[in-house]
Amino acid sequence: MFNALYAPLAALVFVTIAVPVCVAVIIGPTLAIRRATGRAGVRLMLLLSGVPLRVRGVSHLPKTPAIVVANHASYLDGLILTSALPSRYTFLVQDGAANWPLIGWTIRRMGVGFVNRAAPREAARQTRDYIRRVENGVSLAVFAEGTFKEAPGLLPFKHGAFMMAVRAQVPVVPCVIRGTRSLWGGGNRLPRWSSVRIDVLPAIHPDGSDKDAEHALRDATRSAILQRCGEPDAAI
């Protein structure tokens, strides 16, 4: 009964807040202002829809460049992680998101990076570019599963984030998101009430510079997230 009442009201709040926030981001004069606007807008959206957000472990984020790797269970994950991470983090998403109405323009204005996994040559060029950017001081945030499915479960991790970390010799920071699948995932057309928690775990540094180091970094990161995400291992 509660969710029957909550769902349409929460959806109305999300839409009502999202549109003006997107417009404010698009017209923002600087990247710093646009990212701050986006962060504030997401927090306001969660507050007005009655969704508690708890973020722990932010002190684990290095002051130096790093790559945050998080699990993925809902379209809300990017928004919620944006509200939790410092504005210096640049998100990498699939290039199809760039064409979403209004949202695509908004995330481009927030400096989101895009990866074209359907074109290997283009993806390789983009990866080399991101490695250079990380070497020059940029920090990234990546959903290493690359997608999510309706059924709960942590999918296998793609290797791109770990290759970049090893090549640039920067740490990976595992990040666990809980509650977003219940909030608006699993094929639900409308939100259901759920609290959301983000746990930033201690950074993991690459041990070496070869493929074995990439695989070890990927496996250690995924193991840390799997232990905390509360979902089964979908790679089995």
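The analysis underlying the following values was restricted to heavy atoms, covering all of them including side chains, and did not include hydrogens, waters or symmetry mates.
Under the side-chain hydrogen bond (donor to acceptor under 3.5 Å, both in side chains) criterion, the residue pairs touching residues 192-210 are Arg56-Asp199, Arg197-Asp199, with sequence neighbours excluded. Within the structure, side-chain hydrogen bond (donor to acceptor under 3.5 Å, both in side chains) contacts touching residues 71-82 (residues at least two apart or in different chains) are His72-Asp77, Asp77-Thr180.
In this structure, OG1 in Thr37 is found 11.5 Å from CD1 in Ile26, a value given to the nearest 0.5 Å. In this structure, CD on Glu122 lies 9.5 Å from OG1 on Thr127, to the nearest 0.5 angstrom. To the nearest 0.5 angstrom, Leu61 atom CG is 8.0 Å from Cys175 atom SG.
Under the 4.5 Å side-chain criterion, counting only non-hydrogen atoms from C-beta, Ile33 is in contact with Pro29. You'll find the side chain of Leu155 reaches within 4.5 Å of the side chain of Thr147, heavy atoms only. Residues Trp100 and Trp105 fail the side-chain proximity criterion, which asks for heavy atoms closer than 4.5 Å.
Of the possible donor and acceptor atoms, one in the side chain of Asp233 sits under 3.5 Å from a partner among the backbone N and O of Ala235. Judged purely by atom type and a 3.5 angstrom limit, Gln94 has no side-chain atom pairing as donor or acceptor with the backbone of Phe114. A side-chain donor-acceptor contact under 3.5 Å links Thr106 to the backbone of Leu102. Side-chain atoms of Glu214 never come within 3.5 Å of backbone atoms of Gly160 as a donor-acceptor pair (strictly under, hydrogens ignored). Judged by distance alone, the side chain of Arg218 and the main-chain N or O of His159 form no donor-acceptor pair under 3.5 Å. Under the 3.5 Å distance criterion, the side-chain polar atoms of Ser83 are matched with a main-chain donor or acceptor of Ile80.
Applying the side chain to side chain contact (heavy atoms under 4.5 Å, CB included) criterion to Arg35, with sequence neighbours excluded, gives Leu31, Ser87, Thr90, Met110. Every residue meeting the side chain to side chain contact (heavy atoms under 4.5 Å, CB included) condition with Pro152, not counting sequence neighbours, appears here in chain and number order: Arg181, Glu231, Pro232. Contacts of Leu47 classified as side chain to side chain contact (heavy atoms under 4.5 Å, CB included), with partners at least two apart in sequence or in another chain: none.
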Next item on the list: Could you walk me through whether Leu48 and Thr16 pass side-chain contact (heavy atoms from CB on, under 4.5 Å), step by step?
Entry: CA-CA 11 Å; Leu48 295 181; Thr16 301; over 6 Å; no
Next item on the list: Run the numbers on Leu81 and Phe143 for side-chain contact (heavy atoms from CB on, under 4.5 Å), then give the verdict.
Entry: CA-CA 10 Å; Leu81 194 56; Phe143 294 107; 4.1 Å; yes
Margin query: As a quick check of understanding, evaluate salt bridge (charged side-chain N to carboxylate O under 4.0 Å, His left out) for Glu135 and Arg132, giving each step before the final call.
Written below: CA-CA 5 Å; Glu135 290 173 335; Arg132 286 192 294 269; over 6 Å; no
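Counting heavy-atom neighbours within 6.0 Å of Arg109 CZ, excluding the residue itself, gives a total above 12. Enclosure of atom CZ in Arg88 by more than 12 non-hydrogen atoms of other residues, nucleotides or ligands within 6.0 angstrom is indicated.
Taking Ile, Leu, Val, Met, Phe, Trp and Tyr as hydrophobic and joining them when side-chain heavy atoms fall under 4.5 Å apart, one finds Phe157 in a cluster with Ile67, Val69, Leu92, Val115, Tyr130, Ile131, Val134, Val138, Leu140, Val142, Leu154, Phe162, Met164, Val166, Val170, Val172, Val176, Leu201, Ile204, Leu217, Ile225, Leu226.
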